[in-house]
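Reading through the structure tokens given below for one structure.
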Amino acid sequence: MPELPEVETVRTGLSRSWKGRRIDGVDLRRNSLRFPFPENFEEQLVGRVIVDIRRRAKYLLIDLDDGNVLLSHLGMSGKWTLDASECEGKHDHVVLLLDDGSISVYNDPRRFGVLDIFDGISHKLLDHLGPEPLELWDCEDLFSKLKNRKSAIKIALLDQKVVVGVGNIYACEALYKSKISPQRLSCNISIDECRTLVREIRIILTEAIKAGGSTLKDFANVDGTLGYFPHQFKVYDKEGNMCGCGGIVERLIQGGRSTFWCSSCQK
DNA sequence: ACACTAACCTGCAAGC
DNA sequence: TGCTTGCAGGTTAGTG
């Protein structure tokens, strides 16, 4: 899935064509994704006007005119297509008919995504989330969350209680830019290194948003065009490539997931 | 409270 | 050509 920049790009796209639209029809092709859809899912949506689309971490929050909120998480492979010309694809799970006659389709081959409706106040998937990296967040906050942890820093950066929005790609890239080994213990990261990490994470996420999200095989912008720039990654999926320092990009497994790094310049 | 694993799914690429 | 294996952007539930 999309990490924070990609979700933000999707938010922008959805915002442009959904804001002010009334939902005239909902077609569910199955009864669950990662979790079962809520009771009366269609009835709760039909007739509602979409007021705004916000983002919290990697979750899209679609504000409805009755105060309820449609929550959408894209999982690893979820995709919204707006103004869709067809909706009979194998993994087209949810179709929305809008009052301008357009249809929006949620497609998700792996079905790790989530669609739910809640009151806008509290949701179990949102309640434990840590700080937004592009809002109020600083090195003291990061340092305080790392100081009692014995897990590797790479693992900690993926923990959404430490900071939200950072996924496997940007965790690797941020550690590389910060010249910090992904295997360092979180509790051994200094306050100065936290300052560097906060700065680099912000730079990377901001640049990726500016680039319009990124593009991977499962990800497409809401208009169907690809939007990621894999070639701009310095280490992610670059095993064997020469690093600028003369070292070689290596791959290791942490928490069951690939980490890409340069052992020559990341200490 | 933290650390670690397994689990949820399908699709694709590489290797035999 | 097929089969098998491993891997993929995320997150939670369960165990110790």
Side-chain angles (χ1 to χ4, degrees), chain A residues 1-11 29-37 55-60 71-80 89-94 106-116 123-130 144-175 182-188 201 204-205 208-209 211-221 226-233 235-240 251-260:
Chain A
M1 154 198 127
E3 302 186 29
L4 186 152
E6 292 72 52
V7 178
E8 183 60 25
T9 300
V10 171
R11 189 196 67 77
R29 274 71 187 281
R30 50 183 308 115
N31 52 30
S32 70
L33 288 169
R34 183 178 171 79
F35 304 109
F37 294 127
R55 179 189 57 75
R56 171 72 173 115
K58 299 169 191 170
Y59 294 90
L60 293 160
L71 175 149
S72 169
H73 192 288
L74 304 174
M76 292 278 248
S77 56
K79 184 175 76 172
W80 278 105
K90 187 174 178 185
H91 303 295
D92 291 342
H93 305 308
V94 179
Y106 181 73
N107 179 289
D108 189 353
R110 294 176 73 178
R111 306 204 301 274
F112 289 173
V114 175
L115 277 176
D116 200 4
H123 193 285
K124 69 166 186 174
L125 297 176
L126 305 179
D127 291 344
H128 66 280
L129 293 173
S144 72
K145 292 217 172 59
L146 296 180
K147 69 181 179 193
N148 293 321
R149 288 187 176 245
K150 291 175 181 136
S151 60
I153 181 62
K154 161 74 181 327
I155 302 287
L157 291 178
L158 292 178
D159 186 336
Q160 304 294 296
K161 291 191 286 299
V162 172
V163 62
V164 302
V166 177
N168 205 34
I169 293 179
Y170 297 113
C172 292
E173 295 294 318
L175 285 165
Q183 304 192 87
R184 288 267 302 284
L185 297 188
S186 303
C187 56
N188 291 339
I201 287 170
I204 283 170
L205 296 180
I209 290 170
S214 305
T215 323
L216 284 172
K217 35 183 178 297
D218 285 350
F219 178 73
N221 283 335
L226 292 175
Y228 238 114
F229 299 92
H231 63 273
Q232 80 186 8
F233 301 138
V235 288
Y236 184 82
D237 206 21
K238 302 292 183 192
E239 183 181 17
R251 184 169 83 102
L252 66 89
I253 303 296
Q254 293 180 289
R257 310 186 68 191
S258 290
T259 297
F260 297 89

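Below, read A as the first sequence line, B as the second, and so on, with proteins coming before strands; counting in each chain starts at 1. Hydrogens, waters and symmetry mates play no part in the numbers below; they use all other heavy atoms, side chains included. The structure presented is a predicted model; accordingly, all values stated were derived computationally and were not measured.
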(request) May I ask you to decide if Pro36(A)'s main-chain N or O and Asn31(A)'s side chain share a donor-acceptor pair within less than 3.5 Å? (result) no
(message) Nearest whole Å is fine: how far is dC12(B) C1' from Asp237(A) CG?
(response) 13 Å
(request) Report the distance from atom NE2 of His91(A) to atom P of dT10(B), rounded to the nearest whole Å. (result) 7 Å
(message) Looking at Lys90(A), I'd like to know whether one of its side-chain N or O atoms comes within less than 4.0 Å of OP1 or OP2 on dG11(B).
(response) yes
(request) Indicate whether the side chain of Asn107(A) and that of Lys90(A) have a donor and an acceptor atom separated by less than 3.5 Å. (result) no
(message) Which is more 5' along DNA chain B, the nucleotide nearest Leu33(A) or the one nearest Ser151(A)? Just name the residue.
(response) Ser151(A)
(message) Please list, in numerical order, the residues of residues 252-260 of chain A that have a heavy atom closer than 4.0 Å to any atom of DNA chain C.
(response) Arg257(A), Ser258(A)
(message) If you compare every side-chain N and O of Gln160(A) against the phosphate oxygens of dG10(C) (OP1, OP2), does one of them come in below 4.0 Å?
(response) no
(message) Would you call the rings of Tyr236(A) and Phe260(A) parallel, tilted or perpendicular, taking 30° and 60° as the class edges?
(response) perpendicular
(message) dG10(C), OP1 or OP2 - any side-chain N/O from His73(A) closer than 4.0 Å?
(response) no
(message) If I take atom NZ in residue Lys58(A) and atom C1' in nucleotide dT11(C), what distance separates them, rounded to the nearest angstrom?
(response) 9 Å
(request) Starting from P on dA3(B), measure out to NZ on Lys161(A) and report it in whole angstrom. (result) 10 Å
(message) Taking Ser186(A)'s backbone N and O only, do any of them form a donor-acceptor pair with Arg184(A)'s side chain (distance below 3.5 Å, no angle check)?
(response) no
Which pairs, protein N/O on one side and nucleotides 12-16 of chain C N/O on the other, fall under 3.5 Å?
from    : atom 1 : to       : atom 2 : distance (Å)
dT12(C) : O4'    : Arg34(A) : NH2    : 2.7

(message) At less than 3.5 Å, do the side-chain atoms of Arg110(A) and the base atoms of dA8(C) form a donor-acceptor pair?
(response) yes
(message) To check you understand the geometry: which heavy-atom pair defines the closest contact between Asn168(A) and Lys154(A), and what is its length?
(response) OD1-NZ, 2.8 Å
(message) Rounding to an integer number of Å, can you tell me how far Lys79(A) NZ sits from dG10(C) P?
(response) 18 Å
(request) Using modelled atom types only, decide if a donor and an acceptor are shared between the side chain of Gln254(A) and the backbone of Ala152(A) within a distance under 3.5 Å. (result) no
(message) Can a donor-acceptor pair be found, under 3.5 Å and without considering hydrogens, that links the side chain of Gln160(A) to the backbone of Gly130(A)?
(response) no
(request) Using the P atoms only, state how far dC9(B) lies from dG14(C), rounded to an integer number of Å. (result) 15 Å
(request) Run the salt-bridge test on Lys145(A) and Asp159(A) with the 4.0 Å N-O cut-off and return the result as yes or no. (result) no
(message) Looking at dC8(B) and Phe112(A): do their rings stack (centroid distance under 5.5 Å, interplanar angle under 30°)?
(response) yes
(request) State which residue, out of Leu74(A), Val7(A), Leu129(A), Asp116(A), fulfils the side chain to side chain contact (heavy atoms under 4.5 Å, CB included) condition with Tyr59(A). (result) Leu129(A)
(request) Establish, for the pair Lys124(A) and Phe35(A), whether the NZ or CZ atom is under 6.0 angstrom from the six-membered ring centre and no further than 45 degrees off its axis. (result) yes
(message) Using modelled atom types and a 3.5 Å cut-off, is there a donor and acceptor pairing between side-chain atoms of Ser77(A) and backbone atoms of Arg110(A)?
(response) yes
(request) Could you check how far CG of Leu74(A) sits from C1' of dC9(B), rounded to whole Å? (result) 16 Å
(request) Round to the nearest Å and state the distance from Glu3(A) atom CD to dG10(C) atom P. (result) 5 Å
(request) Return the value, rounded to whole Å, for the distance between atom NE2 of His93(A) and atom P of dT10(B). (result) 9 Å
(request) Determine which bases of DNA chain C form Watson-Crick or G-U wobble pairs with both distances under 3.5 Å, and write the result as a 5' to 3' dot-bracket string with | for other-strand partners. (result) .|||||||.|||||||
(request) Search all heavy atoms of Val235(A) against all heavy atoms of Cys172(A) and return the closest pair with its distance. (result) CG2-O, 3.9 Å
(request) Could you please name the option among dA3(B), dG10(C), dA8(C) that lies closest to any side-chain atom of Asn168(A)? (result) dG10(C)
